[in-house]
Amino acid sequence: MKKPPGEEPKDELTVTPPKKWAAGVPAVVHALEYSLEQTSPVRTGETLLTMNQVGGIDCPGCAWADPSPGHRHRNEYCENGAKHINDEATTRRVTADFFRRYPVSELARRSDMWLNHQGRLTEPMVKRPGSDHYEPISWTDAFGLLSAELTSLDSPDEAVFYTSGRVGNEAAFVLQLFARALGTNNLPDCSNMCHESSGFALHETLGTGKGTVSLHDLHHADLIFLVGQNPGTNHPRQLSALEQAKLNGARIIAVNPLPEAGLLRFKNPQKARGVIGHGVQIADRFLHIRPGGDLALFQALNRLLLEAEDARPGQVLDHDFIRANTSGFEEFAEHVRAISWEEVLTATELTREEIEKVRDDVLRSERVIVCWAMGVTQHKHGVATIREIVNFLMLRGNIGRAGTGACPVRGHSNVQGDRTMGIWEQMPDSFLDALQREFGFDPPRAHGLDSVNSIKAMREGRIKLFLGVAGNFVRAAPDSAVTEEAMRRCRLTAYISTKLNRSHAVCGRAALILPTLGRTERDFQAGGEQFVTVENSMSEVHTSRGRLKPASKLLLSEVAILCRLARRTLDGEPDIPWDRFEADYGAIRDRISRIVPGLHDFNRRVARPGGIQLPNPVNEGVFPTAVGKALFTCNAWEMPHTPDGHLLLQTLRSHDQWNTIPYTSDDRYRGIHGSRRVVLVNPADLTELGLSEGQHVDLVSVWTDKVRRRAEDFEVVPYPTARGSAASYYPETQVLVPLDSVAEISNQPTSKGIVVRLEPTGARRSPKTTPS
Ligand SMILES: Nc1nc2c(c(=O)[nH]1)N[C@H]1C(S)=C(S)[C@@H](COP(=O)(O)OP(=O)(O)OC[C@H]3O[C@@H](n4cnc5c(=O)[nH]c(N)nc54)[C@H](O)[C@@H]3O)O[C@H]1N2
Ligand SMILES: Nc1nc2c(c(=O)[nH]1)N[C@H]1C(S)=C(S)[C@@H](COP(=O)(O)OP(=O)(O)OC[C@H]3O[C@@H](n4cnc5c(=O)[nH]c(N)nc54)[C@H](O)[C@@H]3O)O[C@H]1N2
Ligand code: SF4
Ligand SMILES: [Mo]
């Protein structure tokens with residue numbers, strides 16, 4: 001067993017030129033280095049060889065889809081997938097001794113990286129009110145404590161149940177069933193901070209909150225937009241799909257304030273050509289857009305398409321599609337024709353020629369797909385931007401046909417599945433009615449709290465109990481100081497987790513750590529060995545089966561923990577067979593199959609190689625919106641306003657982290673090594689601001705409430721980011737994101753649009769920039 005590190009990693013920055021390509025040999029080597037540091041060659045082999053294979057472990061990383069069975073590579077994973085899985089399969093352990101040694105107050109001072117590097121949690125622990133230490137507690141007593149707190153609440157709405165998209169379908173279904181049987185819809189999840197804007201926009205305009213694209217569609221598109229996403233780091237196997245599309249003749253347009261390595265060139269490590277050769281150029285066109293400018297870009301494109309139709313009537317727009325399937329075209333067209341070019345060019349920092357060239361690409365293409373991620377959703381007008389993308393697709397009938405569609409690229413491996421299972425504070429009545437029919441109780445109908453509103457309720461003392469499953473809410477949520485204070489007001493916080501993180505240290509007056517099996521591990525219950533199911537970004541539901549011996553004998557599965565807690569708390573009312581669910585997850589899937597449309601006969605169908613493709617009504621020509629047709633929308637926009645001397649900051653991921661958990665301080669593709677406390681700024685902006693490379697600055701966020709939000713001591717790195725903007729890593733910059741700075745309609749934090757000022761601290765490092 002490897003000894004956990006005692007020291008914090010050193011913070012020493014070296015900058016090299018950003019990479020111009022992604023993956024290839026260094027990616028493979030890098031993944032193996034991290035894996036071997038965490039675990040052993042045998043365990044690395046056991047996990048990686050079955051990862052993303054039929055009957056194997058679903059990668060616990062992103063939600064990218066696997067090729068169909070028979071078309072999978074022997075190594076069907078990417079560098080980062082290998083890191084994520086081995087971060088879980090680590091042989092390092094956090095034991096009761098560790099908690100005796102480190103008081104909670106000290107853990108709260110430790111870095112996210114150090115906490116994660118301590119290894120896997122091994123036994124249930126409790127922190128009692130007034131104590132500064134976690135101490136061991138038996139499972140029975142832990143459930144006793146939690147259910148006593150739950151039953152003593154004045155109302156079930158004083159509890160909140162948070163999940164991340166790492167949770168499999170069965171546990172997600174059991175969790176929402178438990179919360180609703182208790183009487184609350186307070187089911188915030190990471191999606192509230194991730195693709196919530198996509199869900200709202202797609203639901204309103206197309207009548208379904210999910211993407212409409214399959215891998216096959218991507219392979220056969222003529223033109224693919226990659227808007228506000230960094231696939232080389234965050235969805236690396238998407239690059240293989242894009243490579244395939246290019247081989248079939250597709251053009252790709254990347255829209256991003258940063259020239260990300262994965263958008264430029266890709267060397268596929270699964271092919272000899274990729275390992276030794278020059279790889280494939282990914283983006284044929286790169287639009288170096290100002291952050292927040294995407295809505296203006298798509299509106300300008302829409303206006304250009306309408307004008308092209310004026311010039312060549314009947315040859316540009318898909319009138320049949322528009323007439324048969326949509327509503328609101330006239331108002332939309334009138335709105336878009338009136339937009340001002342001057343405002344578009346200021347908002348996007350692009351030239352009119354650049355946008356006209358994109359129009360020409362569109363006019364030459366029969367089949368267009370738009371992919372997007374956090375660069376679109378995490379802005380004030382994220383919902384409006386996605387609605388405008390839908391307008392854009394519909395104009396030429398690029399919805400519902402093979403090779404076309406809307407592709408929100410999802411983050412966590414099962415974030416989409418969790419929603420399908422009912423993890424949402426606003427599930428529609430059709431789902432709640434089905435629960436009522438199946439289980440014979442009245443689920444609450446009033447909407448519950450999402451992530452931002454949960455923090456507000458905690459801050460006001462309206463929430464007494466917080467249960468988190470598979471996430472790190474304290475670091476994922478905005479406005480760290482506010483969120484941490486809100487958490488500390490809770491009477492009890494409890495986390496079902498695999499690894500130590502800051503949410504265990506910044507906790508309620510009492511706190512529980514409930515350690516659980518990870519996806520890599522074998523899961524034996526009374527009914528025999530179990531598997532779980534997950535749904536990827538392309539609505540495919542399939543199995544995931546662990547291979548490794550559990551990290552500790554004292555671990556329980558997520559399903560077992562939730563079923564035991566529910567049984568103890570609800571005491572037979574309503575009558576739900578929690579014991580049976582725990583013993584055999586197939587019994588849970590049987591119930592799901594009667595509740596979730598498209599998952600009928602779940603157990604039998606999911607056992608087939610490749611699993612189940614959930615139907616998307618849009619691809620069958622059905623648009624289940626309020627009016628029964630797809631909607632064109634009119635989207636007013638407002639440029640993010642940055643006063644003189646300020647920059648618009650985006651908070652993003654490095655290549656070596658999983659959400660709130662940095663693995664190392666390196667970001668290889670961007671040429672940043674040894675430190676995460678960096679702020680990337682365009683050299684011309686640096687000159688204008690009177691700042692220079694290597695200078696140390698505090699980032700100060702400017703918001704209407706005048707609260708001081710400051711992230712201290714970041715080093716300035718000149719970087720080709722779009723003018724007027726800056727980029728820095730999340731979660732270190734979480735402290736700068738005001739709780740009230742949210743996207744309209746979706747209430748999603750605007751993590752990519754924070755107005756900041758850079759205040760020099762006086763310190764400066766000697767330049768250590770090295771050639772690549
Ligand atoms: N290795 C790794 N993989 C991951 C994750 C991880 O942490 N690590 N996280 C997973 C999760 S939960 C998610 S949601 C996804 C996130 O995947 P991404 O959305 O790719 O993640 P971010 O790092 O937030 O990057 C956002 C990208 O948007 C760009 N951007 C920022 N603002 C704008 C804008 O206004 N307009 C445009 N056009 N672009 C903009 C940024 O420059 C950056 O390239 O990744 C998933 N996969
Ligand atoms: N400023 C800023 N904030 C953001 C974002 C941003 O781009 N900028 N991105 C947002 C997005 S897109 C997301 S999705 C959220 C992510 O927010 P979360 O999903 O809450 O955070 P994670 O970092 O994925 O959670 C990591 C923890 O999950 C636990 N865990 C891992 N695997 C398992 C498992 O199998 N079972 C259980 N029970 N526990 C497990 C481990 O204890 C680990 O410490 O953050 C959001 N916050
Ligand atoms: S692309 Fe995503 S799902 Fe695929 S191996 Fe990489 S991290 Fe895992
Ligand atoms: Mo996410």
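Values below: every heavy atom of this structure, side chains too, minus hydrogens, waters and symmetry copies. For ligands, and for the atoms within them, numbers begin at 1 and follow the listed sequence.
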Is a side-chain N or O of Thr651 found less than 3.5 angstrom from the main chain of Tyr730, in a donor-acceptor match? no
Could you tell me which atoms of ligand 2, counted from 1 in the order shown, lie closer than 4.0 angstrom to a heavy atom of Trp658? 23 (O), 24 (O)
Where on Pro291 is there a heavy atom closer than 4.0 Å to ligand 1, on the side chain, on the backbone, on both, or on neither? both
Considering Pro515, Gly471, Gly168, Cys190, which one's heavy-atom position lies nearest to atom 25 (O) of ligand 2? Gly471
Of the protein's non-hydrogen atoms, which lies at the shortest distance from atom 34 (C) of ligand 1, and what is that distance? Gly375 O, 3.1 Å
Residue-level breakdown please: for Asn234 versus ligand 1, do any non-hydrogen atoms fall below 4.0 Å on the side chain, on the backbone, on both, or on neither? both
Report the part of His84 in contact with ligand 1, treating N, CA, C, O as backbone and CB onward as side chain, heavy atoms under 4.0 Å; options are side chain, backbone, both, neither. side chain
Between Tyr663 and His84, does the ring centroid distance fall short of 6.0 Å? yes
Work out whether the distance between some heavy atom of Arg475 and some atom of ligand 2 is less than 4.0 Å. no
No-hydrogen, no-angle side-chain donor-acceptor test under 3.5 Å, Ser728 and Arg677: no
Classify the angle between the aromatic ring planes of Phe466 and Tyr495 as parallel (below 30°), tilted (30 to 60°) or perpendicular (above 60°). tilted
Looking only at non-hydrogen atoms, the one of Ile754, Thr377, Thr660 nearest atom 23 (O) of ligand 2 is Thr660
Around atom 4 (Fe) of ligand 3, find the nearest protein heavy atom and jot down its residue, atom name and distance. Arg237 NE, 2.5 Å
Heavy-atom nearest option to atom 28 (O) of ligand 1, drawn from Gly228, Ala63, Cys78: Gly228
Protein contact of atom 26 (C) of ligand 1 - nearest heavy atom, named by residue and atom, plus distance: Lys752 CE, 3.6 Å
Out of Thr516, Leu500, Asn192, Asn472, the nearest non-hydrogen contact to atom 21 (O) of ligand 2 is supplied by Asn472
Pro738 side chain reached by Ile754 side chain, heavy atoms, under 4.5 Å: yes
Arg410 to ligand 1: N or O pair under 3.5 Å? no
Could you find the nearest protein heavy atom to atom 44 (O) of ligand 1 and give me its residue, atom name and distance? Glu260 OE2, 2.6 Å
In terms of residue, atom name and distance, what is the protein heavy atom nearest to atom 41 (C) of ligand 1? Gln650 OE1, 3.3 Å
Atom 42 (O) of ligand 1: which protein heavy atom is closest, and how many Å away? Asn256 OD1, 2.7 Å
Exam field: side chain Asn169 to backbone Thr533, donor-acceptor pair closer than 3.5 Å: yes
Using heavy-atom distances only, which candidate in Arg653, Glu558, Met374, Arg519 approaches atom 7 (O) of ligand 2 most closely? Arg653
Under 3.5 Å: donor-acceptor pair, side chain of Arg93, backbone of Thr90: yes
Can you tell me if Asn116 and Asn501 form a side-chain donor-acceptor pair at under 3.5 Å? no
For the 3.5 Å polar cut-off, considering only N or O atoms, please tell me whether Met193 and ligand 2 meet it. no
Residue-ligand contact Tyr495/ligand 2, heavy atom below 4.0 Å: no
So, is Val255 polar-close to ligand 1, with some N/O to N/O distance under 3.5 Å? yes
Would you check if there is a donor-acceptor pair between the side chains of Ser654 and Gln657 at a distance under 3.5 Å? yes
Answer yes or no: is there a donor N or O on one side and an acceptor on the other, between the side chain of Glu88 and the main chain of Thr520, under 3.5 Å? yes
Out of all atoms in ligand 3, which are within 4.0 Å of some heavy atom of Tyr77? Include the element for each. 5 (S)
Between Thr642 and Arg290, does any side-chain donor sit less than 3.5 Å from a side-chain acceptor? yes
Have Thr660 and Asn472 got a donor and an acceptor in their side chains that come within less than 3.5 Å? yes
Are any of the heavy atoms in Gly292 under 4.0 Å away from ligand 1? yes
Heavy-atom pairs closer than 4.0 Å: do any link ligand 1 to the side chain of His379, the backbone, both, or neither? side chain
Using the ring of each side chain (for Trp, its six-membered ring), is Phe161 parallel, tilted or perpendicular to Phe178, with breaks at 30° and 60°? perpendicular
What are the atoms of ligand 3, with element, lying closer than 4.0 Å to any heavy atom of Cys78? 1 (S), 5 (S), 6 (Fe), 7 (S)
What residue and heavy atom of the protein are closest to atom 8 (N) of ligand 1, and at what distance? Gln657 O, 2.7 Å
Taking both backbone and side-chain atoms into account, decide whether Cys62 has an N/O/S atom under 2.8 Å from atom 8 (Fe) of ligand 3. no
When you compare the side chains of Thr122 and Ser552, does any donor N or O come within less than 3.5 Å of an acceptor on the partner? no
Any nitrogen or oxygen of His412 lying under 3.5 Å from a nitrogen or oxygen in ligand 1? Just yes or no. no
Do Thr516 and Ser497 have side chains that approach each other closer than 4.5 Å (heavy atoms only, starting at C-beta)? no
Go through the steps to decide whether Gln378 and Lys752 satisfy the test side chain to side chain donor-acceptor pair (under 3.5 Å), and finish with yes or no. CA-CA 5 Å; Gln378 294 179 336; Lys752 298 287 188 278; 2.7 Å; yes
Determine whether the side chain, the backbone, both or neither of Asn230 has a heavy atom under 4.0 Å from any heavy atom of ligand 1. both
Would you kindly say whether Asp656 and Thr664 are connected by a side-chain donor-acceptor distance under 3.5 Å? yes
List ligand 3 atoms under 4.0 Å from Cys59, heavy atoms only on the residue side. 3 (S), 5 (S), 7 (S), 8 (Fe)
Any idea which protein heavy atom is nearest atom 36 (N) of ligand 1, and the distance to it? Asp294 OD1, 2.7 Å
Give a yes or no on whether the backbone of Asp189 and the side-chain of Ser451 come within a donor-acceptor separation of less than 3.5 Å. yes
Would you say ligand 1 has an N or O under 3.5 Å from any N or O of Arg670? no
Give me the residue, atom name and distance of the protein heavy atom closest to atom 11 (C) of ligand 1. Gly411 CA, 3.2 Å
For the pair Glu535 (side chain) and Asp418 (backbone), establish whether a donor and an acceptor sit closer than 3.5 Å, ignoring hydrogens and angles. no
At under 4.0 Å between heavy atoms, is it the side chain or the backbone of Val415 that contacts ligand 1, or both, or neither? neither
Would you say Trp64 reaches atom 4 (Fe) of ligand 3 with an N/O/S atom under 2.8 Å? no
Does the N or O separation between Phe473 and ligand 2 drop below 3.5 Å for any pair? no
Look only at the side chain of Glu521 and the backbone of Ala551, and say whether a donor-acceptor pair between them is shorter than 3.5 Å. yes
Which of these, Glu88, Gln378, Lys499, has its nearest heavy atom closest to atom 5 (C) of ligand 2? Gln378
